[in-house]
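All of these numbers come straight from a predicted model, not from anything done at the bench. Start at 1 and go down the list; that is how both ligands and their atoms are numbered.
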Amino acid sequence: MSRTHPTEPAPDPRFPFPHTTAPTRCRRDPALFDLGFGDLSGDTKKAAHKRLEAARRSCSACPVVTACLRWALVNEPLTAENVFAGTTPGQRRVLRRRLVDRLGPDWVDVLAARDQARRERAEAARYTPLPVAQARIVHLDRELHGPLRLLPQLTAEEQRLNRSRLEAGLKAA
Ligand code: SF4
């Protein structure tokens, strides 16, 4: 979605707008979401509310609605108007006040720090070696079923040995 103007403040780089390949309604029909509340010139209140309801329905079916709301809350200077994630500017003000109550006046930094910690944990988990027992099970499983290594038919004795290794690994896990 691109509803910013080059002269507008830049979005907070810690919270990129959620990527999706889905053709979101706000991309296809941005006018539906451009509701200037308090300035309904050329539009009746009834028509504006009808559009608001249509925008809300679209957002509720959008795959990135949660991340979109987060982005809209964090990027207050960019979202002073219009509908984002089914919310009006007034609703977003209320939500921001709740976030201040819950997380403090620097709630945006708190959220950014949490995101960073989550990313670091996920990254660390990728490189943490498996405990020995689990590694043994994975190894055995690869030997038995792995697509890369074609094992010849195991003898009854080999099968028994593998089973007992697997059971021992499971017990130790
Ligand atoms: S939630 Fe609504 S405003 Fe946000 S990307 Fe989806 S359709 Fe657009």
(request) For the pair R92 (side chain) and E81 (backbone), establish whether a donor and an acceptor sit closer than 3.5 Å, ignoring hydrogens and angles. (result) yes
(message) Taking W71's backbone N and O only, do any of them form a donor-acceptor pair with N75's side chain (distance below 3.5 Å, no angle check)?
(response) yes
(request) Inspect the contact between R56 and E53 and indicate whether a charged nitrogen and a carboxylate oxygen are less than 4.0 angstrom apart. (result) yes
(message) Is C68 close enough to atom 6 (Fe) of ligand 1 that one of its N, O or S atoms comes in under 2.8 Å?
(response) no
(request) Report, in ascending order of atom number, the atoms of ligand 1 lying under 4.0 Å from any heavy atom of F17. (result) 5 (S)
(request) Could you establish whether A85 and ligand 1 come within less than 4.0 Å of each other, counting only heavy atoms on the residue side? (result) yes
(message) Does any part of the side chain of R114, heavy atoms only, come nearer than 4.5 Å to the side chain of L103, both counted from C-beta?
(response) yes
